[in-house]
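Below: one structure, written as structure tokens.
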Amino acid sequence: MLDNHLPTADLQAIDAAHHLHAFTDGDQLNAKGARIIIKGDGVFITDSDGNQILDGMSGLWCVNIGYGRDELVEAAARQMRQLPFYNTLFQTSHIPALELAQRLAELAPENLNHVFFNGSGSDSNDTNIRMIRHYWALKGKPEKTVIISRWNGYHGSTMGAASLGGMKGMHAQGGLPIPDIVHINQPDWWGEGGELSPEEFGIARARELEAKIEELGEDRVAAFIAEPVQGAGGVIVPPDSYWPEIQRICDAHEILLVADEVICGFGRTGAWFGSDTYNIRPDIMTVAKGLTSGYVPMGASIVSDEVSEVINAGGEFAHGYTYSGHPVAAAVALENLRILDEEGIVERAGRDIAPYLKERWESLAEHPMVGEATIKGLMGSLALTPDKASRAKFAAGSGTVGYMCRERSFENNLIMRHVGDRMIIAPPLVISHDEIDILIERAIKTLDETYAAVKAEGLWQSA
Ligand code: PXG
């Protein structure tokens, strides 16, 4: 394999000199040098110094099948030899794209039978914005253009997708959001629930959707988009009352419901889709990441019979990408879905791995610094706090303690991310019980060390 590389410092110097990193403070990174990842196998990755790191984040929420599956490599190679590229734009198709569309229609909830292919999750949500507005225009309601989404939701980084997202730091750069995107509050009980019980809070936050529809007028609202469980926002698991109420509101009003399944899809929540886990009946689902287990880039918008019928009957839909339905990506996706299904990886994730991980993960709530330890399927979150009873935030400001914890986690050879002062995991679905034990052991060591450092540095103070 590619073990014969330059020394780490040289690789870091080249990286610093020429590589502009996504979502990174460049000067901060270049001063310390990036961790260079060399290879992956199962749930472990290896860096350029030979450290074996348990990848608790599946790359970036995507390597659901785990690293090192040769079948996906072979599928890509076979397809590249056969037909490395052809477009699907001007009345042509190819076998990988049509077979993948058929397979996704089988896997997706009942009435979602039509697939528009994109290159990523971000492009898929841009597709959704254009398709939804075009759909209503074709139905004679061109004034239905507003899409409602949520603060602290994440839907991607293109102009449209970042506008849908509720990340204020992203809106602050580059003149976002685009017009007619409106945000409501998220169902984050730990952070924002106040005196309400989780169930009361879930209903209250769902009813913000109804209030917003009524405020804007149903004749202006085109759709609501949300992640079944917010990922990049910090693994915010909604109270059980939330999704049924959202579904009721969407059914009661003439708007489309978009489930952004880019993270939740393909087994992450313990079922094929987050929509299955929460009994959501979306009109459109956004997928990417786990579709190919991240081996190659691909995204898709899976749409209902009704939406597809209107779009197909409306003349040319003037939208698409060179790589819509890319044959190599589609071939890899098909092989990935075959393995996830035939090896029972998704089924086992729900039946066996998720319950075991839940039991171990929730035990972390006993740690003095952990307020809530929540988990849905294979996505978990720890809210760090200096005072569990009042759910206090740290006086040092959001992210100070989280970053300290993340740094220690990396040193302990566990990839666990921080979002503010939440620590998050989303390991590959193929993780074993023994590997979960390693994950938990390293997480405890990390929490202990962070706790000691927080105390030593005088940061154990509530805001
Ligand atoms: N929707 C959701 C729910 C996502 O999580 C996207 C759309 C966009 O997908 P692409 O393929 O365009 O990146 C995502 C991506 C983080 C982080 O900090 C998460 C994502 C991307 C970048 C950072 O956890 N998710």
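Remember, it's 1-based here, ligands and their atoms both numbered in the order they're listed.
- Note on D341 versus R103: salt bridge recorded, some NZ/NE/NH1/NH2 to OD/OE distance being below 4.0 Å.
- In this structure, R205 fails the cation-pi test against W189, since its NZ or CZ atom is not both closer than 6.0 Å to the six-membered ring centre and inside 45 degrees of the ring normal.
- Ion pairing between R442 and E411 fails under the 4.0 Å rule for side-chain N and carboxylate O.
- Ligand 1 is surrounded by L60, W61, S120, G121, S122, N125, Y154, H155, G156, E227, A232, D260, V262, I263, K289, R417, each with at least one heavy atom closer than 4.0 Å.
- Applying the side-chain hydrogen bond (donor to acceptor under 3.5 Å, both in side chains) test to every pair with at least one member in residues 369-386, sequence neighbours left out, gives these pairs: E372-R422, S381-R422.
- No donor-acceptor contact under 3.5 angstrom links the side chains of T8 and R35, judged on distance only.
- The existence of a salt bridge linking D180 and R220 is confirmed by a sub-4.0 Å separation between a basic side-chain nitrogen and an acidic carboxylate oxygen.
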